[in-house]
2 protein chains.
Amino acid sequence: MPKLPYAPSMTRSRKDASLRREEILRATTALIEKEGIQALRISDVAQSLQVSPALVVYHFRTKEELIAEAFTWAAQRDLDRLEKLTAAAPSAVGRLGTALAWYAPTGQAKGWKLWIEGWAAALREPTLRQVGREVDLRWKESLTAVIQDGVGTGEFTCADARGAAWRITAVLDGLAVQALVHQGVQSRERMDEWARQIVGREVGVDPAVLERPAGA
Amino acid sequence: MPKLPYAPSMTRSRKDASLRREEILRATTALIEKEGIQALRISDVAQSLQVSPALVVYHFRTKEELIAEAFTWAAQRDLDRLEKLTAAAPSAVGRLGTALAWYAPTGQAKGWKLWIEGWAAALREPTLRQVGREVDLRWKESLTAVIQDGVGTGEFTCADARGAAWRITAVLDGLAVQALVHQGVQSRERMDEWARQIVGREVGVDPAVLERPAGA
DNA sequence: TCTGTTACTGCATGGTGATTCAGTAAAGTC
DNA sequence: GACTTTACTGAATCACCATGCAGTAACAGA
């Protein structure tokens with residue numbers, strides 16, 4: 001990361017605080033995802049938005065606060081998308097398949113590096129641990145709801161929806177580690193297949209029916 | 001972490017380089033485990049051994065190098081222990097059970113925080129990624145060997161030992177995240193049970209027979 | 001158009017902590 | 001016991017950034 005000196009623009013731009021805050025949070029998460037928390041400097045965030053470092057501090061009192069809010073923001077974003085996605089599909093099978101297609105580490109969700117960073121940081125920072133726990137909980141609740149729903153309609157067979165959701169979550173986390181950290185040993189297709197296999201077992205359906213739906 | 005000034009001792013101690021290096025690596029991994037890579041300062045390592053910060057740099061040219069070697073050392077250590085443990089048990093079932101008892105995140109292995117830190121760091125540092133990959137590989141190979149062994153003796157039923165080892169590894173990683181980062185939602189017993197359940201399914205045995213053997 | 005508020009900037013400062021270096025002491029060699 | 005090698009130290013140095021501050025420009029309301 002080259003550190004160019006801050007270059008002022010002729011005319012200052014000025015934005016509504018909430019817009020600016022969101023911009024900054026988006027930039028921050030992007031940088032953490034690319035370079036890691038270690039390497040995150042306030043001046044990098046500022047530079048990527050063409051503003052002064054002092055502005056970042058103006059909106060977020062400290063760097064720590066910035067990081068905490070960035071994770072909170074990213075979590076909210078992912079969860080909202082999950083809920084939108086699962087709301088869309090007509091059947092429980094479709095909902096589960098769509099969720100998997102997005103959130104399996106082989107899927108479109110780009111956020112896994114961010115979460116791996118987050119895990120490590122949460123080991124130390126109570127604030128981040130709190131955020132992590134809430135996200136994790138909401139995620140599992142959404143998943144539990146989908147499973148119970150499927151059990152209700154007869155699509156799934158599962159004695160313990162909550163436990164199943166928990167186990168599925170754990171498996172996805174573990175797959176993320178394999179996919180992103182030890183990447184390269186297994187093909188994406190095989191990993192996908194295994195994820196569906198484990199999930200299929202949990203809810204008592206053929207893994208094939210969980211293949212990514214056309215519309216997702 | 002209080003930062004006391006370095007206090008020289010009356011008489012200098014002087015050790016063989018390889019001993020000193022190992023001491024330093026042990027101290028480094030302990031500190032990373034307790035406080036995280038972020039917080040690791042060379043002077044902390046030095047202080048915990050009652051030596052000068054300069055000595056640490058004398059043995060390891062830079063902080064980065066120190067960290068990389070610390071992970072390598074810790075990995076080696078864990079793998080050696082795994083191999084010793086699995087060599088001891090008489091049956092494949094016993095070996096697998098023992099390995100699980102140690103390396104499930106609910107077990108005696110204290111290193112999981114270190115590895116979570118390592119995953120995040122490996123996302124950026126190629127050296128660490130390399131180390132991680134090798135450990136992961138050796139771990140899976142040991143596991144594969146145990147499984148194949150069990151298949152040979154008729155203790156296990158498993159069409160794809162390598163795949164099973166991979167999946168078991170992924171599940172353990174995921175459990176580690178749940179246990180250490182989102183800790184507290186599930187009891188240790190239930191997590192253990194689920195781990196054995198998943199492993200049991202993979203190798204075709206009743207989870208109960210994988211319960212921690214008496215001697216482990 | 002004046003006035004106040006809010007978003008924003010440039011610059012300075014201060015703490016931190018890795019790395020350097022010039023030297024010192026223990027151990028080994030002959 | 002002189003001489004070399006190796007482990008080790010204390011005291012700088014040096015770069016780096018987060019944060020503080022004193023002011024400036026945009027905008028809103030009257």
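Remember, predicted model here, so these are calculated numbers, not experimental data. The sequence lines fix the lettering, A, B, ..., with proteins before strands; numbering per chain opens at 1.
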Those residues of residues 15-26 of chain A lying under 4.0 Å from DNA chain D by at least one heavy atom:
none
With B/Arg188 via salt bridge (charged side-chain N to carboxylate O under 4.0 Å, His left out) - residues at least two apart:
none
Short N/O separations, protein against nucleotides 21-25 of chain D, under 3.5 angstrom:
residue: D/dT24; atom: O2; partner: A/Arg12; partner atom: NH1; Å: 3.1
residue: D/dT24; atom: O2; partner: A/Arg12; partner atom: NH2; Å: 3.1

With B/Lys140, which residues qualify under side chain to side chain donor-acceptor pair (under 3.5 Å), at least two apart?
A/Gln178, B/Asp136
Using heavy atoms and a sub-4.0 Å distance, could you list which residues of residues 58-67 of chain B are near DNA chain D? By number, please.
B/Tyr58, B/His59
Holding to salt bridge (charged side-chain N to carboxylate O under 4.0 Å, His left out), I want the full list of residues that pass it with A/Arg190, two or more places apart in sequence or in another chain.
none
Going by the salt bridge (Lys or Arg N to Asp or Glu O under 4.0 Å) test, which pairs reach into residues 117-132 of chain B, not counting sequence neighbours?
A/Glu117-B/Arg124, A/Arg124-B/Glu117
Across all chains, not counting sequence neighbours, the salt bridge (charged side-chain N to carboxylate O under 4.0 Å, His left out) partners of B/Asp80 are B/Arg138
Using side chain to side chain donor-acceptor pair (under 3.5 Å) as the criterion, list what pairs up with B/Gln148, not counting sequence neighbours.
none
Within-4.5 Å side-chain heavy-atom neighbours: A/Lys34 and A/Lys113
no
Under the salt bridge (charged side-chain N to carboxylate O under 4.0 Å, His left out) test, residues paired with B/Asp78 that sit two or more places apart:
B/Arg81
Which pairs pass salt bridge (Lys or Arg N to Asp or Glu O under 4.0 Å) with one or both residues in residues 55-73 of chain B, sequence neighbours excluded?
B/Arg21-B/Glu69
Sequence neighbours excluded, every pair satisfying ring-ring contact (aromatic ring centres under 6.0 Å, His included) that has a member inside residues 121-140 of chain B
B/Tyr103-B/Trp139
